[in-house]
Protein chains: 2
Amino acid sequence: MFQLDLKSGVPISDQIVNGFIKLKALGIIKGGEQMPSVRSLALKFSVNPNTVQKAYAILESGGIIYSVKGRGSFVSEDERAHLAVIEKAKTDFYGAVKTAQGLGLSSDTLSEIINEIYKEEKKC
Amino acid sequence: MFQLDLKSGVPISDQIVNGFIKLKALGIIKGGEQMPSVRSLALKFSVNPNTVQKAYAILESGGIIYSVKGRGSFVSEDERAHLAVIEKAKTDFYGAVKTAQGLGLSSDTLSEIINEIYKEEKKC
DNA sequence: CTAAGTGTACTATGCGACTTAGTACACTTG
DNA sequence: CAAGTGTACTAAGTCGCATAGTACACTTAG
């Protein structure tokens, strides 16, 4: 699972959303798999059930999961939702590059940073 | 100058801070140059003077500008502040790459995005 | 059928960040 | 002296987030 950082200033509901998006993007959770119940996850994170419910509502509106009354919430099997996540990740990164460019960083500097990070990946 | 986006959710004071940081990073404003007065900038942006004052206080704490009672605020001539801005930009970009990596984007994908953006720069 | 567990909806409350408003003071400059 | 500057302070309002509590409809295991 993932961790919550209550001191980060990032809304808890957003952290839960991003946490599951990552888990799905990395294939740790897969389509059709059952999500933790709203109440159990709230208990696990020591957080209000309403907060988890809000996160689940966001995930459902994004097509990442779907919910069934009385049964539970499940990871969506629709591939389009997964593609949308990838697209959003690209868009976010696009914005980050634009910002870096606006601050005068060269493309070489950015490439160096990327290589540094992905080099570590290969070590694993 | 730069624009404010009141609908973005980003605090106005932060937008002002980032705006001047960019102006200095790009060399549009230079060390020793006088900043707009708190009141005049507030008028120009149709914003409360306190909000501009807050932004200036942040800029001063970061060494980007310095203020003199009764005279005004001026762009710092200390090069260390400029270097710190560059370092922060790198750190922010580092985080963006980490996030993209966490979502499964390959280094090639990121490089493509960078090339796309910096290609446009050369056109100008 | 019953009980437990599920998603969902609603209101009320507290808290903190941000912004605005207004006032005041010390300083510099023309 | 007057105007403009930075600075400091209190008060109020708005907004988003999180919590608390309750309630209802549904499904499933027993």
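Everything numeric in this text was worked out from a predicted model, so none of it was measured. Below, chains carry the letters A, B, ... as their sequence lines are ordered, and counting in each starts from 1.
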inquiry  = I need a per-nucleotide contact map over nucleotides 20-30 of chain C, read 5' to 3'. Cutoff is protein heavy atoms under 4.0 Å; write B for the base, S for backbone only, - otherwise.
reply    = BBB-B--BSS-
key: Sidechain-backbone polar pair: A/T99 side chain, A/G95 backbone, donor-acceptor under 3.5 Å   = yes
remark   = Atom CG of A/L43 and atom P of C/dG5 are separated, to the nearest Å, by 12 Å
task = State which residues pass side-chain hydrogen bond (donor to acceptor under 3.5 Å, both in side chains) with B/K88; sequence neighbours excluded, sorted by chain then number.
result = B/D92
query = Which of residues 13-24 of chain A sit near DNA chain C, with a heavy atom under 4.0 Å from it?
reply = none
Going by atom type alone, with no hydrogens or angles, which donor-acceptor pairs under 3.5 Å involve a side-chain atom of residues 70-81 of chain B and a protein atom two or more places apart or on another chain?
from  : atom 1 : to    : atom 2 : distance (Å)
B/S73 : OG     : B/S67 : OG     : 2.9
B/S76 : OG     : B/G63 : O      : 3.2
B/S76 : OG     : B/D78 : N      : 3.0
B/D78 : OD1    : B/R80 : N      : 2.9
B/D78 : OD1    : B/R80 : NE     : 3.3
B/D78 : OD2    : B/R80 : NE     : 3.2
B/D78 : OD2    : B/R80 : NH2    : 2.9

query = When you check the phosphate oxygens OP1 and OP2 of D/dG6, does a side-chain N or O of B/S73 lie under 4.0 Å from one of them?
reply = yes
inquiry  = Need one value for A/Q34: base, sugar-phosphate or nothing, where a base atom within 4.0 Å counts as base even if backbone is also close, heavy atoms only.
reply    = nothing
Distance-only check: which donor-acceptor pairs under 3.5 Å involve side-chain atoms of residues 8-19 of chain A, not counting sequence neighbours?
from  : atom 1 : to    : atom 2 : distance (Å)
A/S8  : OG     : A/D5  : O      : 2.9
A/S8  : OG     : A/V10 : N      : 3.1
A/S8  : OG     : A/Q15 : NE2    : 3.2
A/Q15 : OE1    : A/D5  : N      : 2.8
A/Q15 : NE2    : A/D5  : O      : 2.9
A/Q15 : NE2    : A/V10 : O      : 2.9
A/N18 : ND2    : A/D14 : O      : 3.2

query = What is the distance, rounded to the nearest whole Å, between atom CZ of A/F74 and atom P of D/dT27?
reply = 12 Å
key: Nearest-Å distance for atom pair NZ/P, residues A/K54 and D/dG16   = 9 Å
note = Atom NZ of B/K7 and atom P of C/dT19 are separated, to the nearest Å, by 17 Å
query = Could you state the CZ-P distance from A/F45 to D/dA18, rounded to the nearest angstrom?
reply = 13 Å
query = Within the structure, does a side-chain N or O atom of A/S37 lie under 4.0 Å from either OP1 or OP2 of C/dG5?
reply = no
ask   = Taking the side chain of B/Q53 as its heavy atoms from C-beta onward, which of C/dT19, C/dG7, D/dT7 lies nearest to it?
value = D/dT7
task = Assert yes or no for the condition that the ring centre distance of A/Y56 to A/Y66 is strictly below 6.0 Å.
result = no
ask   = Roughly, in whole Å, what's the span from CE in A/M35 to P in C/dT8?
value = 11 Å
remark   = Separation of C/dT6 atom C1' from A/Y56 atom OH, nearest Å, is 12 Å
message = Between A/I21 and B/V97, is there shared hydrophobic-cluster membership here, with clusters defined by ILVMFWY side-chain heavy atoms closer than 4.5 Å?
response = no
query = Got a donor-acceptor contact below 3.5 angstrom from the B/T91 side chain to the B/E87 backbone?
reply = yes
request  = Write out all pairs satisfying salt bridge (charged side-chain N to carboxylate O under 4.0 Å, His left out) with one or both partners inside residues 15-39 of chain A, taking only residues at least two apart or from two chains.
outcome  = none
request  = Could you tell me whether the phosphate oxygens of C/dT8, OP1 or OP2, come under 4.0 Å of any side-chain nitrogen or oxygen in A/S67?
outcome  = yes
request  = Say whether, by atom type as modelled, one donor and one acceptor occur between the side chain of A/S111 and the main chain of A/S107 under 3.5 angstrom.
outcome  = yes
